[in-house]
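Report on the structure given below.
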Amino acid sequence: MTAEQTDAWTLLVIVGLAGVTVLTRCFFFILDRPWTLPDWAHRALHYAPGAALAAVIAPEILMTGGHFIDTWRDARLYAAAVGVAWYFWRGGVLGTMLAGMAVYLPLHLALGW
């Protein structure tokens with residue numbers, strides 16, 4: 001395969017992906033009538049933020065270097081437990097983060113966990 005063929009193929013892929021992006025983003029403007037989600041999809045969207053947050057946070061707490069942690073000497077576990085406890089006790093995101101960090105920082109900095 002020569003450089004000219006590779007460039008043409010790359011250009012074709014870029015144009016195709018741009019077309020798909022424009023079509024999917026403009027889909028709701030193209031329709032001439034109002035469009036609503038089915039009830040089951042609308043109910044499912046209520047769980048999307050929590051699921052996305054869990055998908056981001058859980059690996060950060062439970063894994064290191066691509067493997068599950070195998071020791072209790074990890075500051076993230078205790079910070080997460082205190083953060084969850086604070087959230088269920090008092091509520092509020094700021095207090096949860098502050099409580100978790102108040103546990104995490106001393107354990108991580110002083111003990112090296």
Side-chain angles (χ1 to χ4, degrees):
M1 186 176 283
T2 64
E4 293 82 23
Q5 291 173 335
T6 303
D7 290 344
W9 179 251
T10 302
L11 182 63
L12 180 66
V13 169
I14 291 171
V15 169
L17 288 172
V20 168
T21 301
V22 168
L23 181 67
T24 56
R25 290 181 182 252
C26 294
F27 181 73
F28 299 106
F29 298 121
I30 295 171
L31 295 176
D32 59 347
R33 59 182 166 75
W35 183 80
T36 59
L37 287 172
D39 287 337
W40 62 268
H42 196 269
R43 283 191 313 270
L45 284 176
H46 290 288
Y47 298 101
L53 187 62
V56 170
I57 291 176
E60 282 295 321
I61 295 171
L62 301 174
M63 299 178 80
T64 184
H67 302 322
F68 283 108
I69 55 174
D70 57 356
T71 180
W72 286 100
R73 293 182 55 175
D74 195 320
R76 296 174 296 176
L77 294 174
Y78 298 102
V82 168
V84 168
W86 179 276
Y87 182 78
F88 283 113
W89 178 50
R90 302 287 289 179
V93 176
L94 181 60
T96 301
M97 289 189 299
L98 291 175
M101 289 306 291
V103 171
Y104 176 79
L105 284 176
L107 290 176
H108 185 70
L109 295 177
L111 300 178
W113 288 7

Quiz prompt | For A54 against P59, the heavy-atom pair lying closest together | solution = O-CD, 3.9 Å

Exercise. Starting from I69, walk the hydrophobic network (Ile, Leu, Val, Met, Phe, Trp, Tyr; side-chain heavy atoms closer than 4.5 Å) and list everyone else you reach, by chain and number.
Key: L53, I57, I61, L62, M63, F68, W72, L77, Y78, V82, V103, L107, L111, W113

Practice problem: Determine the minimum heavy-atom distance between A79 and G100, stating which atoms define it. | Solution: CB-O, 3.3 Å

Quiz item: By side-chain contact (heavy atoms from CB on, under 4.5 Å), which residues pair with V15, not counting sequence neighbours?
Solution: L11

Exercise. Tell me, please, which residues at least two apart from L94 pass side-chain contact (heavy atoms from CB on, under 4.5 Å).
Key: M97, L98

For residues 38-52, which side-chain donor-acceptor pairs fall under 3.5 Å, sequence neighbours excluded?
none

Practice problem: Enter the distance from L12:CG to D7:CG here, rounded to the nearest 0.5 Å. | Solution: 12.5 Å

Self-check item: Remaining members of the apolar cluster that contains L105, side-chain heavy atoms under 4.5 Å
Solution: M101, Y104, L109

Self-check item: salt bridge (charged side-chain N to carboxylate O under 4.0 Å, His left out) contacts touching residues 62-90 (sequence neighbours left out)
Solution: D74-R76

